[in-house]
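Since the structure comes first, as structure tokens, the remarks are kept for the end.
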Amino acid sequence: MTPTIIVFMLLLFIGAPVAVVMAMSGLAGGFSLGGERMLGIIADRMFSGVSGFLLIAVPYFIFTAELMNQGGLTHKLIAFNNSLFGRVRGALSHVNISVSVFFAGLTGAAVTDTVAIGKIMIPEMKKQGYDAEYAAAVTACSSIIGPIIPPSVVMVVYATLLRDISVIDLFAGGIVPGLLMALALLGVSFFLAWKRGYPKQAPTPFKVALMSFVVALPAMVVPLIILGGILSGLTTITEASGFAAVYAIVIGVVFYRNLTWRKIWDALVVTVRFSGVVFFLLATSAVLGWFVTRSGIARDAAGLITTFSDAAFLQLMLVCLLLLVIGTVMDVLPALVVVAPVLVPAMIQLGFDPLHFAILMIVVLNVSNVTPPVGMTLMTAARIAEVPYERAIVASLPFYVAFIGVIVLLAAFPALSTWIPSLL
């Protein structure tokens with residue numbers, strides 16, 4: 001185990017890519033276990049890490065999201081949500097959050113949400129008198145709902161890493177936590193809008209609101225295609241993701257008529273690039289995960305957790321704190337593939353429900369997406385808003401407190417994560 005830790009820490013310290021860190025540390029661990037004869041096993045582990053049929057859904061989900069971005073879906077969703085909140089003080093702030101909830105059923109990726117919504121909402125919020133750092137904070141914090149409300153690329157990756165939980169259960173388990181996070185953000189948004197006197201908008205006439213709903217409806221059907229097919233058992237995850245991509249092309253070309261062949265090509269390019277990153281991470285994480293299983297690190301981690309406390313809730317809080325700390329220096333997917341093979345078996349040994357802990361881990365790691373110094377969504381939103389990153393961090397603190405409240409709630413009441421999957 002010592003060579004693995006040395007290689008892992010050394011490569012991480014010099015700033016090597018996370019995939020390289022996992023591959024080389026797994027290689028060092030395998031060599032320490034059985035010498036050169038283990039090299040063939042490591043190659044086999046890398047192949048098996050990306051050969052699952054389930055992983056075909058990943059590029060399809062990414063492709064669907066990019067098609068929706070290229071097809072101008074964001075404008076349609078914003079117009080519809082604006083008709084709902086227009087007369088309320090701080091309307092654009094609430095619209096920003098509610099659009100992210102709708103967008104979560106399409107993208108499954110936080111940064112995609114930040115860019116797609118932020119490029120439209122942040123300049124408009126600044127124009128209407130909202131603080132630039134506040135516009136960046138609300139955009140970044142609401143965008144992390146994307147990987148929690150299904151479909152979610154993060155959940156597909158999790159199910160590939162830890163095969164004891166199905167993607168269907170993860171998708172169903174993320175619905176309530178995602179909605180709770182949205183409600184928490186809306187509560188903070190309403191309070192800050194009232195306290196700071198953010199502007200109202202003129203009420204939207206009923207006919208205009210109805211028309212915006214009709215225009216946005218074809219796009220809002222995409223989550224129903226994905227979730228309806230999966231949860232009803234009519235389709236597999238992969239089939240549903242493929243149907244969604246085809247449907248996105250059809251409505252973009254036929255209904256909205258603004259999806260050109262050039263835009264489809266651009267969406268394919270983005271899909272290939274992002275998918276390549278995800279698959280390389282999965283291949284290398286399979287090597288490290290195999291070593292963790294063989295070396296007994298998970299058992300040692302379980303023993304270490306119990307030394308701090310015997311109370312289940314405190315143990316969960318300690319692990320959540322650890323995940324938040326890890327998230328300060330790593331993005332969500334790299335952090336997931338590094339810590340999940342160690343922590344999940346350890347928590348299962350301690351008697352925690354695998355699905356409950358899976359949802360909690362995904363939520364916490366996504367919250368770390370707005371945690372400095374990395375905080376990719378917050379950093380991206382700050383660049384769009386053209387404000388210093390430090391000011392965006394300060395502006396995000398009220399939303400961050402709301403997220404911590406949701407995490408504590410999810411840890412204390414496992415049924416919030418397991419209730420809908422139990423109905424299935």
Side-chain angles (χ1 to χ4, degrees), residues 74 77-104 110 113-114 117-146 148-149 177-204 209 324 363-364 366-373 375 377-410 412:
T74 312
L77 290 177
I78 289 174
F80 170 59
N81 283 271
N82 199 35
S83 68
L84 299 178
F85 290 101
R87 67 187 68 190
V88 182
R89 184 169 298 281
L92 287 186
S93 176
H94 319 322
V95 169
N96 201 322
I97 297 168
S98 58
V99 168
S100 291
V101 175
F102 283 97
F103 223 66
D113 190 325
T114 304
I117 296 175
K119 284 186 176 180
I120 301 171
M121 291 299 300
I122 291 177
E124 187 62 28
M125 290 178 72
K126 290 169 65 177
K127 188 187 302 181
Q128 292 197 19
Y130 293 82
D131 301 322
E133 58 267 30
Y134 175 78
V138 72
T139 302
C141 291
S142 62
S143 67
I144 69 172
I145 299 172
I148 298 170
I149 294 180
L179 293 177
L180 282 175
M181 294 180 75
L183 288 174
L185 289 177
L186 283 171
V188 174
S189 174
F190 276 108
F191 174 75
L192 292 179
W194 168 78
K195 184 178 180 181
R196 298 175 182 177
Y198 286 139
K200 297 181 181 180
Q201 293 178 325
T204 304
L324 284 174
V363 169
V364 173
N366 276 286
V367 169
S368 69
N369 230 335
V370 290
T371 306
T377 57
L378 189 59
M379 191 178 297
T380 302
R383 288 174 182 170
I384 296 173
E386 298 178 343
V387 294
Y389 185 38
E390 296 78 12
R391 284 170 56 188
I393 292 171
V394 175
S396 68
L397 290 179
F399 299 107
Y400 198 84
V401 172
F403 284 147
I404 298 300
V406 173
I407 290 172
V408 172
L409 200 62
L410 293 175

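These figures come from a predicted structure and were not determined experimentally.
Lys126 places no side-chain N or O within donor-acceptor distance of the main-chain N or O of Ala135, the cut-off being under 3.5 Å.
Taken from CD in Glu133 to CD1 in Ile393, the straight-line distance is 12.0 Å, to the nearest 0.5 Å. Separating the CG atom in Leu180 from the CG atom in Leu409 is a distance of 6.0 Å, to the nearest 0.5 Å. Remark: Ser368 OG to Leu378 CG distance equals 12.0 Å, nearest 0.5 Å.
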Going through the checks in order, is the side chain to side chain contact (heavy atoms under 4.5 Å, CB included) test met by Met121 and Val138? CA-CA 10 Å; Met121 291 299 300; Val138 72; over 6 Å; no

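The two atoms that bring Pro398 and Ala395 nearest to each other are CD-O, 3.4 Å, heavy atoms only. Considering every non-hydrogen atom in both Val367 and Tyr400, the closest pair reads CG1-CE1, 3.8 Å. Listed here is the closest heavy atom pair of Ser100 and Ser142: OG-OG, 3.1 Å. Shown here for Ile149 and Gly178, the closest heavy-atom pair between the two residues is CG1-CA, 3.6 Å. Pairing each heavy atom of Ala385 with each of Ala136, the nearest pair is CB-CB, 3.8 Å. The two residues Ile384 and Gly118 have their closest heavy-atom pair at CG2-O, 3.6 Å.
For the pair Phe403 and Val363, the minimum side-chain heavy-atom distance is 4.5 Å or more. Ile122 places none of its side-chain heavy atoms less than 4.5 Å from the side chain of Tyr130. Between Ser396 and Val370 there is no side-chain heavy-atom pair separated by less than 4.5 Å. You'll find the side chain of Val401 stays beyond 4.5 Å of the side chain of Leu397, heavy atoms only. In this structure, the side chains of Leu185 and Ile145 come closer than 4.5 Å at one or more pairs of heavy atoms. Residues Met181 and Asn366 have side chains not in contact (no heavy-atom distance under 4.5 Å, counting atoms from C-beta outward).
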Sequence neighbours left out, cut at 3.5 Å: what donor-acceptor pairs do the side chains of residues 90-98 make with other protein atoms?
unit_1: Ser93; atom_1: OG; unit_2: Tyr134; atom_2: OH; d: 2.6
unit_1: Ser93; atom_1: OG; unit_2: Ser189; atom_2: OG; d: 2.6
unit_1: His94; atom_1: ND1; unit_2: Ser189; atom_2: OG; d: 2.7
unit_1: His94; atom_1: NE2; unit_2: Arg89; atom_2: O; d: 2.8
unit_1: His94; atom_1: NE2; unit_2: Gly90; atom_2: O; d: 3.3
unit_1: Asn96; atom_1: ND2; unit_2: Thr139; atom_2: OG1; d: 2.8
unit_1: Ser98; atom_1: OG; unit_2: Asn81; atom_2: OD1; d: 2.9
unit_1: Ser98; atom_1: OG; unit_2: His94; atom_2: O; d: 3.1
unit_1: Ser98; atom_1: OG; unit_2: Val95; atom_2: O; d: 3.1

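Partners of Lys195 according to the salt bridge (Lys or Arg N to Asp or Glu O under 4.0 Å) rule, which considers only residues two or more places apart in sequence or in another chain, do not exist here.
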